[in-house]
Amino acid sequence: MRIIITDAAFIWNHENPVLEQLKEIVLVVCLDGKRVSDQYECFISPCSLWKHGLGMDKFGIEDWRYKALESVADELNRALGYHDKILFLTDGNPESLYPFYAIKDRNIFNRLHLCTMSPWKFESSRRKEAHRELLSDLSQLESILYINSDDYLDRSAQQGRDLMQQVSDDYAALLPRIINGIQDMKEKSYFDLASGSYVPVAAGFDGIDLTKAEDEVSEINVPLCRQWSTMGYMAPQKYLKKDDRIREEVERVHARIDGKKICNYLRQLRIELARANKIEFFSEECPSVGACGGTCARCDQEAAYLRDRLADIPESERIIPVSKLTEWEVS
């Protein structure tokens, strides 16, 4: 496993003491063009060679720091080797996502995992928009953990604790669960904060075990080492036969940071459809908290049930409630 951090992150940077136990597998991407640590391996972006001044107040792919990293992204990708698990530890700072965004479309032979959180609601709209854009495509990920920072604002006000310290402590406490979970992962998953465990995206509701939240997980129990496979160990490409798993790949559901919104909206549509047509229907709210796929096997089962019941009603008597497809996007 490799862990990628940056010198620009608020939480997961080279000064975070939690990472000292993982120093053998941590790589610091130095976005400001200079080495920041002798303790960790560093990848130095040539930012200092790029034009500063105008544009340095931009975020995302228009930021000079990102453009500088993009210019050496192939080199960074090669430095990550082959057949390894790559974990990007990021936070609400858009700059912390630059290595992930630069690598995601270049990666072929590694499995990518991402941990991140939303920017604070009081931050500038430009920073928040840049963060959303950098997370616009999660299809290359094997897993994602996404923390909604708004939850902390309410809790910290009630508890009187330092906001950043509370987030840092909670985020660090999740690290053993994250690393252990990635090691055992067999299919694309998202980290469900309600159960404190990774849940396969395809399973969704049926994959959530809330009893896991009660488990004491404070130690990393997997070997902390890098994978040193070479291209010579690669199996040849297996080309798909006609219709062999093609539909499955095309329709595969990926975790989304707004998955819970989608899930709640689609569930409400099913409830309204059943009520309008006087169909006996019970739908249990999904307890998941995290960047889920927005729909899962349980959702499909409910939809199939409603389709079957609607088929029993003459077409002229069916009532289909009118709704906006993008309503779930409204805050």
Side-chain angles (χ1 to χ4, degrees), residues 5-13 15-16 18 31 55-63 65-66 88-101 113-138 141 143-175 178 190-196 213 254-268 285-294 324-331:
I5 62 173
T6 69
D7 56 343
F10 295 136
I11 299 174
W12 296 116
N13 57 53
E15 296 180 344
N16 189 325
V18 174
L31 297 175
M56 283 302 291
D57 61 339
K58 295 182 179 180
F59 304 99
I61 60 175
E62 296 303 318
D63 184 350
R65 284 164 294 184
Y66 176 76
F88 296 89
L89 289 178
T90 74
D91 49 42
N93 188 351
E95 292 96 321
S96 69
L97 287 166
Y98 289 177
F100 161 68
Y101 195 83
H113 304 266
L114 175 66
C115 296
T116 190
M117 64 182 294
S118 63
W120 303 108
K121 64 171 63 176
F122 49 75
E123 292 192 63
S124 72
S125 59
R126 291 185 300 114
R127 290 181 66 85
K128 289 187 283 189
E129 181 60 29
H131 198 275
R132 282 194 295 268
E133 288 180 358
L134 294 170
L135 293 177
S136 60
D137 182 7
L138 305 178
L141 288 173
S143 76
I144 180 172
L145 179 153
Y146 182 79
I147 298 173
N148 189 335
S149 63
D150 292 346
D151 296 338
Y152 279 94
L153 292 175
D154 298 333
R155 274 192 285 162
S156 63
Q158 296 171 0
Q159 299 174 2
R161 292 179 58 192
D162 176 79
L163 184 60
M164 283 303 299
Q165 189 60 52
Q166 181 179 354
V167 176
S168 298
D169 291 346
D170 289 355
Y171 209 159
L174 289 174
L175 195 57
I178 293 167
Y190 70 94
F191 193 91
D192 172 46
L193 294 166
S195 62
H254 301 283
R256 305 170 50 119
I257 60 174
D258 51 5
K260 188 66 175 181
K261 276 186 177 181
I262 299 173
C263 174
N264 288 337
Y265 176 64
L266 294 177
R267 175 172 174 265
Q268 189 58 40
E285 182 176 359
C286 181
S288 175
V289 179
C292 71
K324 295 179 180 178
L325 184 60
T326 58
E327 186 172 334
W328 59 268
E329 295 177 331
V330 180
S331 299

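Quantities reported herein were computed from a predicted structural model and do not represent experimental measurements.
When atom types are taken as modelled, the side chain of Asp192 and the backbone of Ser195 share a donor-acceptor pair closer than 3.5 angstrom. Lys128 places a side-chain N or O within donor-acceptor distance of the main-chain N or O of Lys121, the cut-off being under 3.5 Å. A donor-acceptor pair under 3.5 Å links the side-chain atoms of Tyr98 to the main chain of Gly60, judged by distance alone. Looking at Ser143, its side chain never comes within 3.5 Å of a backbone N or O of His113 through a donor-acceptor pair. A donor-acceptor pair is defined here as one N or O able to donate and one able to accept, closer than 3.5 Å; no such pair exists between the side chain of Ser168 and the backbone of Gln165. Between the side chain of His254 and the backbone N or O of Asp137, no donor-acceptor pair lies under 3.5 Å. Proximity of a side-chain donor or acceptor of Ser118 to a complementary backbone N or O of Asn148 within less than 3.5 Å is not detected. With Thr116 contributing its side chain and Tyr146 its backbone, the two residues share no donor-acceptor pair below 3.5 Å.
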Worked verdict on Val289 versus Lys260 for side-chain contact (heavy atoms from CB on, under 4.5 Å): CA-CA 7 Å; Val289 179; Lys260 188 66 175 181; 5.9 Å; no
Derivation and outcome, side-chain contact (heavy atoms from CB on, under 4.5 Å), residues Leu175 and Leu89: CA-CA 10 Å; Leu175 195 57; Leu89 289 178; 4.2 Å; yes
Leu138 vs Tyr190, side-chain contact (heavy atoms from CB on, under 4.5 Å): CA-CA, chis, key distance, verdict: CA-CA 11 Å; Leu138 305 178; Tyr190 70 94; over 6 Å; no
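Once rounded to the nearest 0.5 Å, the distance linking CD1 of Ile5 with SG of Cys115 reads 13.0 Å. With rounding to the nearest 0.5 Å, the separation of CG in Leu31 from CZ in Arg65 is 7.5 Å. Taken from CD1 in Ile257 to CD1 in Ile144, the straight-line distance is 7.0 Å, to the nearest 0.5 Å. Taken to the nearest 0.5 Å, the CZ atom of Phe100 stands 4.0 Å off from the CG atom of Leu141. Taking OH from Tyr101 and CD1 from Ile61, the interatomic distance works out to 5.0 Å, rounded to the nearest 0.5 Å. Within the model, atoms CZ of Phe10 and OG1 of Thr90 stand 11.5 Å from one another, a figure rounded to the nearest 0.5 Å.
Considering every non-hydrogen atom in both Gly294 and Leu266, the closest pair reads O-CD1, 4.0 Å. Shortest non-hydrogen contact noted between Leu114 and Leu135 is CD2-CD2, 3.6 Å. Taking each heavy atom of Ser149 and Trp120 in turn, the nearest pair found is O-CZ3, 3.3 Å. When all heavy atoms of Gly92 and Pro119 are compared, the pair lying nearest together is O-CG, 3.5 Å. For the pair Ala213 and Ala194, the tightest heavy-atom approach, listed with the atom from each and the gap, is CB-O, 3.5 Å. Nearest heavy-atom pair across Ala172 and Trp12 is CA-CH2, 4.0 Å.
Comment: Arg126 does not engage Glu129 in a salt bridge, judged by the lack of any side-chain N to carboxylate O separation of less than 4.0 angstrom.
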